[in-house]
Amino acid sequence: MTNCKRLMKRVVALLASFGTLANVAAQNIIDSTKAVITSPDKNYVVSFYQKQNADGTRSLFYTLNYKQQPVITESSLDIQLDNHLSERAMALKVDSHARWCENLQVKAIRYTAKDTSWKPLYGERAVIRDNYNAVTIEMVKDDNSIYWMHVEMRVYNEGAAVRYFFPENIKGTYYRVVAENTSFTLPAGTKAWHAAWAQAPYQLLPLQNWPDESERPLTLQLPNGWYACLAEAQLVDYARTKFKLSKEIPNTIVTSMYTPADLISPVATPWRVMMVAETPGELITHNDLLLNLNDPSKIADPGFIQPGKIMRVMTQTTKDAYENIDFAVKHNLQYILFDWKWYGPAFTFTSDATKVAIPDFDLPGIIKYGKEKGIGVWLYCNLQGLYAQSDSLFRVYHDWGVKGVKFGFVQAGSHRWTTWLEEMIRKCAANKMMVNIHDDWRPTGEQRTWPNLMTAEGIRGNEEMPEATHNTVLPFTRFIAGAADYTLCYYNERIKTTHAHQLAMAAVYYSPIQTMYWYDKPAFSNNEPELEFWDKIPTSWDETKVLQGKPGEFITTARRKGDDWFIGTLTNNDTRTLQLSFDFLPKGKKYTATIYGDDDSVQTKTKVGVQKKVINAATLLEVKLKPSGGQAIWLTPVIKK
């Protein structure tokens with residue numbers, strides 16, 4: 001009898017554990033709610049539908065197929081609101097549904113399409129095509145007609161995106177989003193490049209037992225050998241949303257908001273982006289999708305926005321500043337940076353970010369000398385200074401002749417600090433000031449709207465001196481979000497890679513304001529011949545190609561500006577031999593290839609050799625890489641005499 005009771009308890013527990021799945025199994029698709037859209041090239045197919053639950057409530061679902069293969073199987077679209085305080089204050093009906101979306105009724109399904117192109121001020125390519133098919137599913141609560149919600153879906157050749165939109169409420173009530181439960185059910189065996197925070201190291205993990213939520217973008221390795229990426233776009237009036245694992249459904253990732261968001265309609269949530277590719281490099285070259293999901297530029301006169309290379313002044317004295325300016329002129333840098341503490345202790349509200357607080361530092365004279373030499377000055381300002389002085393700070397810097405501001409140790413994640421940072425970028429634009437945001441913050445394509453936002457950290461770069469393997473993960477993960485300020489170094493003894501690896505990162509890593517020589521001083525340089533690569537390389541591009549690569553192993557990226565190409569190859573901690581094809585070049589055209597690679601026979605401390613070869617589209621180059629090594633190549637057309 002005792003054994004029977006135990007058996008019955010186990011059966012009851014088992015049935016309870018499958019309660020949610022049983023409820024889903026009992027659901028029926030409501031045919032009138034079905035919507036299907038494909039990408040312009042027909043590779044993506046996204047389906048939306050609503051199901052009737054056994055208890056009479058409804059649920060929203062979608063699927064995503066790529067090249068006729070299911071990638072995201074039936075997954076939930078769900079957002080949870082709690083408007084009861086606003087409803088009571090305005091004497092409105094208080095919504096009492098356990099799930100806010102459970103009684104939405106589909107009223108209309110509208111299809112649209114768009115095919116245009118636009119030219120960014122700077123970027124990874126000169127022209128960006130904005131081409132998609134879209135559907136809007138208009139819904140209203142069946143017991144409260146003041147509440148409408150639209151599900152908006154767009155499908156591009158580069159990926160798909162979905163968001164929730166709340167039209168203007170006729171009674172004026174406010175919207176408090178307490179959770180967003182958009183889910184992504186993936187094939188069994190999928191693995192994710194997990195990072196617990198924006199500057200964390202990466203781990204390749206299965207979709208189970210994560211130690212923490214994961215940052216976005218989240219790159220996935222699918223069991224069929226393909227790759228996918230989940231990302232966030234247009235985070236401007238909302239809380240940051242990371243990714244967690246579902247506790248109920250296997251192989252399922254769910255969005256996880258950092259804090260609630262208090263919104264006023266009309267308002268939309270950020271886009272949830274889904275990208276699929278047969279090779280990981282396609283994810284990188286398709287990252288314009290995030291820009292396309294943001295609004296066009298709001299800066300009427302963008303002449304002050306000038307990409308370039310920048311060097312930090314390590315010792316903040318007038319003498320050192322002048323030496324850095326002279327070094328910048330010699331090595332074709334465009335800016336110098338004075339980092340934190342130039343105006344005093346950074347973590348206090350008592351420091352005045354408009355007054356120099358260190359001795360022997362003639363900032364007006366330095367700015368004047370830089371202007372005479374064609375070198376602009378950037379200033380660091382910590383969160384406390386920005387928060388306390390932003391009403392006048394950027395106007396003061398503009399009057400001084402400063403070109404840009406580096407925001408330091410910003411707060412990130414909450415709805416409050418997201419909107420605050422957006423306001424700071426806008427204020428900088430109004431005062432013709434470029435911006436670099438540092439620490440635990442990542443862009444979501446808003447640099448299209450505010451192109452004065454040049455770059456951002458949100459990356460484990462050379463401030464932590466990571467190993468080469470980490471550096472080969474970053475292009476396929478963090479850089480899908482856009483420009484990143486890795487802070488390249490060259491001479492510092494703590495570098496865990498070869499010098500050719502550091503050199504090549506300037507081509508592999510995209511940043512319109514590219515920080516170079518981060519822990520270096522002009523005195524450290526012996527004018528090594530290979531510095532020519534950094535001297536010549538630009539920071540904005542007409543064309544970008546990822547020629548080969550695999551996360552955590554290696555990558556080769558080629559970028560073109562005008563007629564010249566700059567190519568960077570990185571390997572992980574292992575030695576590697578690669579075959580580099582130049583079949584991306586125009587046929588019948590010859591180029592002089594200046595090749596910069598690790599070479600222990602060279603009589604310099606950096607051990608980088610320089611060779612020249614004539615190549616064409618038929619050339620196949622064997623690239624032998626040392627452990628943690630790299631190679632850089634500069635291609636210039638051979639001029640016919």
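The residues of the chain are indexed from 1 along the displayed sequence. These figures come from a predicted structure and were not determined experimentally.
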* To do: List the steps and the verdict of side-chain contact (heavy atoms from CB on, under 4.5 Å) for S390 and M424.
  => CA-CA 7 Å; S390 63; M424 292 304 102; 3.5 Å; yes

* To do: Return yes if some donor-acceptor pair links the side-chain N/O of S540 with the main-chain N/O of G123 below 3.5 Å, else return no.
  => yes

* Does a side chain donor of either E530 or T606 reach within less than 3.5 Å of an acceptor in the other side chain? -> yes

* Give the minimum heavy-atom separation between R416 and T419, together with the two atoms involved. => O-OG1, 2.9 Å

* To do: Could you verify whether a donor N or O on one side chain and an acceptor N or O on the other, from W450 and E422, lie under 3.5 Å apart?
  => yes

* Check step by step if side-chain contact (heavy atoms from CB on, under 4.5 Å) holds for W518 and N492. => CA-CA 9 Å; W518 175 246; N492 192 277; over 6 Å; no

* Asked: With side chains defined as the heavy atoms from C-beta onward, is the minimum distance between Y510 and T544 less than 4.5 Å?
  -> no

* Would you please say whether a donor-acceptor pair under 3.5 Å links the side chains of E282 and T279? => yes

* Indicate the atoms forming the closest heavy-atom contact of N573 with A468, along with that distance. => OD1-N, 3.3 Å

* To do: Answer yes if the side chains of Q514 and T539 hold a donor-acceptor pair under 3.5 Å, and no otherwise.
  => no

* To do: Give the minimum heavy-atom separation between C489 and I495, together with the two atoms involved.
  => CB-CD1, 3.8 Å

* **Sub-4.5 Å side-chain heavy-atom contact between P475 and Y509** => yes

* Got L383 and W420 here, is their nearest side-chain heavy-atom distance under 4.5 Å? -> yes

* To do: For N452 and I425, run side-chain contact (heavy atoms from CB on, under 4.5 Å): C-alpha distance rounded to whole Å, both residues' side-chain angles, the deciding distance at 0.1 Å, then the answer.
  => CA-CA 8 Å; N452 64 313; I425 298 168; 3.7 Å; yes

* **Derivation and outcome, ring pair (Phe, Tyr, Trp, His ring centres under 6.0 Å), residues W565 and F584** => CA-CA 11 Å; W565 286 88; F584 61 91; 4.8 Å; yes

* Step-by-step ring pair (Phe, Tyr, Trp, His ring centres under 6.0 Å) determination, F338 to F361 -> CA-CA 11 Å; F338 296 110; F361 190 69; 4.8 Å; yes

* If only atom types and distance count, is the side chain of D362 paired as donor or acceptor with the main-chain N or O of T318 below 3.5 Å? -> no

* Considering only heavy atoms from C-beta outward, does the side chain of I480 approach that of T219 to under 4.5 Å? -> yes

* Between the main-chain N or O of R478 and the side-chain N or O of R442, is there a donor-acceptor pair closer than 3.5 Å? -> no

* Under the 3.5 angstrom rule, does the side chain of N572 hit a backbone N or O of D574 as a donor-acceptor pair? -> yes

* Flag, side chain of Y122 to backbone of P451, donor-acceptor distance under 3.5 Å -> yes

* How are the rings of F327 and H331 set to each other: parallel, tilted or perpendicular (split at 30° and 60°)? -> tilted

* So, does T472 use its side chain to make a donor-acceptor pair with the main chain of E553 at under 3.5 Å? -> yes

* Asked: At what distance, to the nearest 0.5 angstrom, does CG of L245 lie from CD1 of I253?
  -> 6.5 Å

* Should W534 and Y517 be marked as a ring pair (Phe, Tyr, Trp, His ring centres under 6.0 Å) after you check the CA-CA gap, both sets of side-chain angles, and the distance that decides it? -> CA-CA 10 Å; W534 276 11; Y517 305 102; 5.1 Å; yes

* Are a donor atom and an acceptor atom from the side chains of E528 and Y596 found within less than 3.5 Å of each other? -> no

* Asked: Where do T444 and R216 come nearest, in terms of heavy atoms and distance?
  -> CG2-NH2, 4.0 Å

* Asked: Any side-chain heavy atom of I310 sitting closer than 4.5 Å to one from L333?
  -> no

* **K550, NZ: over 12 other non-hydrogen atoms inside 6.0 angstrom** => no

* Asked: Any side-chain heavy atom of L291 sitting closer than 4.5 Å to one from E124?
  -> no

* To do: Decide, yes or no, whether a salt bridge links E323 with K319 under the criterion of side-chain N to carboxylate O below 4.0 Å.
  => yes

Residues 454-466, side-chain donor-acceptor partners within the protein, below 3.5 Å, at least two apart:
| residue | atom | partner | partner atom | Å |
| --- | --- | --- | --- | --- |
| T455 | OG1 | D485 | N | 3.4 |
| T455 | OG1 | S511 | OG | 2.8 |
| E457 | OE1 | H438 | ND1 | 2.9 |
| E457 | OE1 | D439 | N | 2.6 |
| E457 | OE2 | Q199 | NE2 | 3.1 |
| R460 | NH1 | Q199 | O | 3.1 |
| N462 | OD1 | Y486 | OH | 3.4 |
| N462 | ND2 | T487 | O | 3.3 |
| N462 | ND2 | Q502 | OE1 | 3.0 |

* What is the minimum heavy-atom distance between D598 and G629, and which atoms define it? -> OD2-CA, 3.5 Å

* Asked: Hey, is the main chain of N332 close enough, under 3.5 Å, to the side chain of K309 for a donor-acceptor pair?
  -> yes

* Asked: Side chains of K607 and T498: donor-acceptor distance under 3.5 Å anywhere?
  -> no

* Is the backbone of K626 close enough, under 3.5 Å, to the side chain of H501 for a donor and an acceptor to pair up by distance? -> no

Side-chain donor-acceptor distances from residues 402-414 under 3.5 Å, at least two apart:
| residue | atom | partner | partner atom | Å |
| --- | --- | --- | --- | --- |
| K406 | NZ | D339 | OD1 | 2.8 |
| S414 | OG | W417 | N | 3.2 |

* To do: For the residue pair Y343 and C381, establish whether any side-chain heavy-atom pair is separated by less than 4.5 Å.
  => yes

* Any chance CD of E622 has more than 12 other-residue heavy atoms, nucleotides or ligands included, within less than 6.0 Å? -> yes

* D564/K536 ion pair, N-O < 4.0 Å -> no

* To do: Please report the closest heavy-atom contact between L547 and S581, naming both atoms and the distance.
  => CD1-O, 4.2 Å

* Asked: Taking the side chain from D542 and the backbone from A126, do they hold a donor-acceptor pair closer than 3.5 Å?
  -> no

* Asked: Do the side-chain N and O atoms of T315 and T317 include a donor-acceptor pair separated by under 3.5 angstrom?
  -> no

* For residues P529 and E532, determine if any side-chain heavy atom of one lies less than 4.5 Å from a side-chain heavy atom of the other. => no

* Structure fact -> Sorted by chain and number, sequence neighbours left out, side chain to side chain contact (heavy atoms under 4.5 Å, CB included) with K373 holds for I325, D326, V329, Y369, I375

* Atom pair OH (Y591) and OG1 (T636), whose distance is rounded to the nearest 0.5 Å -> 9.5 Å

* Are a donor atom and an acceptor atom from the side chains of D352 and Q389 found within less than 3.5 Å of each other? -> yes

* Asked: Would L580 and Q548 satisfy side-chain contact (heavy atoms from CB on, under 4.5 Å), going step by step from the backbone distance to the final call?
  -> CA-CA 8 Å; L580 178 55; Q548 57 187 342; 4.2 Å; yes

* Asked: If you measure only the distance, is there a donor-acceptor pair under 3.5 Å linking the side chains of Q631 and T569?
  -> no

* Asked: Do other residues, nucleotides or ligands put more than 12 heavy atoms under 6.0 Å from the NZ atom of K427?
  -> yes

* Asked: If only atom types and distance count, is the side chain of R576 paired as donor or acceptor with the main-chain N or O of T571 below 3.5 Å?
  -> no

